[in-house]
Amino acid sequence: MSGPRWKKGKDGKDFSALAAASPMSSIVAELQSSMKRSTPVATISSHGEDAILGVSPHQAILLNQASFGRFVENARAEKQWFQLGAEEVFYLCHALKCVVVESGSEKKMREGELWDHLCSASESFPEMYKAYSHLRSKNWVVRSGLQYGTDFVAYRHHPALVHSEFAVVVVPEGAEFGGRCGRLKVWSDLLCALRASGSVAKTLLVLTISSSICELGSPDCLEQLFVHERTITRWIAQQRREQRCEPCRVEPSKEEEGHTRETVVLNYWGVILGFTVLSTLLVYKLRFRQ
């Protein structure tokens with residue numbers, strides 16, 4: 001793994017110092033504190049997984065810094081709107097407990113109702129949310145990996161400061177996940193994922209979600225879901241066939257230098273003697289023929 005690839009400003013310096021001065025954990029904690037005081041409302045779509053969240057301008061800045069959702073342009077200055085994905089809205093509601101979710105009919109939804117709604121919209125929501133919350137709890141910024149052919153991509157900080165480091169594929173294991181357990185079991189699928197992630201300078205991170213229960217009908221099952229992390233990289237034989245290092249120069253000792261001179265002198269006289277013998281034989285052979 002090559003590590004984070006920080007983006008650079010106009011002065012040519014990367015943003016690593018800026019990210020260190022404002023860690024993601026502090027930004028998320030400030031966002032949670034601010035939103036708990038006002039409890040903004042997110043309206044879930046009736047036919048899909050997205051939600052629309054209205055917040056104050058200050059909270060909009062924090063949401064952007066924490067990289068939650070996508071800002072929606074609007075003409076009203078007193079309220080800013082964000083479009084949240086399924087995992088994002090449930091994380092703000094369930095994990096951070098700083099958002100109230102309403103249905104399209106403006107009815108407040110409990111966590112269990114929101115869970116049922118999101119699971120009905122996407123069968124794979126339980127394992128996807130478990131993977132999302134697992135990375136978010138470790139202060140990774142998690143965004144959709146659709147454009148890279150993966151489930152998520154993980155950033156060390158805000159995407160404006162650093163390139164994504166991991167291409168994340170979620171693999172469920174267990175009877176409760178049904179037919180969704182066949183991912184990456186074929187070598188060709190794994191090789192395709194490796195080549196795709198490697199071509200965009202990302203490390204393939206496989207999150208295996210396993211369970212000790214057979215019921216995913218409520219958010220309580222999240223405590224019984226376990227995440228196993230595996231990073232997979234390609235072994236390129238050409239890069240490891242030879243050690244590409246500069247040969248070190250060893251200064252010869254005086255004894256070795258003397259021995260080398262003697263060898264050169266002996267070789268010199270040996271060549272002279274050889275030519276003398278050959279010339280003598282040739283002369284003798286010519287006289288014999290005459």
Side-chain angles (χ1 to χ4, degrees), residues 22-122 124-147 151-155 157-161 164 168 218-219 222:
S22 182
M24 186 54 61
S25 57
S26 300
I27 297 174
V28 173
E30 185 179 355
L31 171 67
Q32 182 183 21
S33 176
S34 176
M35 296 180 72
K36 274 188 173 182
R37 290 194 295 267
S38 60
T39 316
V41 177
T43 303
I44 196 80
S45 60
S46 58
H47 57 278
E49 308 172 29
D50 295 339
I52 295 295
L53 174 66
V55 295
S56 67
H58 175 67
Q59 292 170 344
I61 294 174
L62 294 175
L63 276 171
N64 179 52
Q65 291 178 346
S67 195
F68 279 106
R70 181 174 62 86
F71 178 70
V72 180
E73 295 287 346
N74 64 92
R76 297 178 60 184
E78 68 274 8
K79 210 167 191 179
Q80 306 291 325
W81 298 90
F82 279 76
Q83 182 178 5
L84 302 173
E87 291 82 14
E88 292 174 322
V89 67
F90 197 79
Y91 187 80
L92 292 173
C93 176
H94 174 75
L96 300 186
K97 300 188 182 301
C98 61
V99 165
V100 174
V101 180
E102 291 182 351
S103 63
S105 58
E106 299 184 354
K107 178 184 176 182
K108 183 178 178 180
M109 302 179 70
R110 297 190 297 271
E111 285 187 6
E113 294 173 334
L114 178 60
W115 176 270
D116 292 339
H117 175 85
L118 296 175
C119 289
S120 63
S122 175
S124 61
F125 176 75
E127 61 263 30
M128 292 299 169
Y129 174 75
K130 182 63 179 181
Y132 177 90
S133 61
H134 174 77
L135 294 174
R136 266 291 184 178
S137 65
K138 294 187 174 184
N139 298 314
W140 288 92
V141 171
V142 187
R143 307 295 286 181
S144 172
L146 184 61
Q147 61 180 334
D151 297 312
F152 303 108
V153 286
Y155 297 81
H157 208 277
H158 194 280
L161 305 182
S164 56
V168 184
S218 71
L222 293 172

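FYI, the numbering just counts along the sequence from 1.
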Sub-4.5 Å side-chain heavy-atom contact between P23 and N139: no
Value rounded to 0.5 Å, distance of CD in E102 from CE in M109: 10.5 Å
Test log, rule side chain to side chain contact (heavy atoms under 4.5 Å, CB included), inputs N64 and F71: CA-CA 8 Å; N64 179 52; F71 178 70; over 6 Å; no
V141 side chain near R136 side chain, heavy-atom distance below 4.5 Å: yes
Flag, side chain of S137 to backbone of S133, donor-acceptor distance under 3.5 Å: yes
Straight-line distance of L31 CG to H58 NE2, nearest 0.5 Å: 9.0 Å
Nearest heavy atoms of V153 and S164, plus distance in Å: CB-CB, 4.0 Å
Any donor-acceptor N/O pair, S33 side chain to A29 backbone, under 3.5 Å: no
Under 3.5 Å: donor-acceptor pair, side chain of S45, backbone of D50: yes
Side-chain donor/acceptor of R143 to backbone N/O of S67, under 3.5 Å: yes
Pairwise side-chain contact, L222 with H94, heavy-atom cut-off 4.5 Å (strictly under): yes
Flag side-chain contact, heavy atom, 4.5 Å: I27 against H157: yes
Value rounded to 0.5 Å, distance of OG in S56 from CE in M35: 8.5 Å
Shortest non-hydrogen separation from H158 to Q65 and the atoms involved: CD2-O, 3.4 Å
Minimum heavy-atom distance between W115 and S218, given as atom pair plus value: NE1-N, 3.5 Å
Residue pair I44 / A51: nearest heavy atoms and the distance that separates them: CD1-CB, 3.9 Å
Electrostatic pair K97-E111, nearest N-O below 4.0 angstrom: yes
Side chain to side chain contact (heavy atoms under 4.5 Å, CB included) between F90 and F125, worked out: CA-CA 10 Å; F90 197 79; F125 176 75; 3.9 Å; yes
Geometric class of the F68/Y91 ring pair [parallel <30°, tilted 30-60°, perpendicular >60°]: parallel
Minimal non-hydrogen separation, K108 against E113, with atom names: O-OE1, 3.9 Å
N/O donor-acceptor pair under 3.5 Å between E88 side chain and G69 backbone: yes
Rounded distance [0.5 Å steps], CE in M24 versus CG in L161: 8.0 Å
Taking every non-hydrogen atom, the tightest pair across A42 and V99: CB-CG1, 3.8 Å
Backbone N/O of S34 and side chain of Q59: donor-acceptor pair under 3.5 Å: yes
Side-chain heavy atoms of L53 within contact of L63, under 4.5 Å: yes
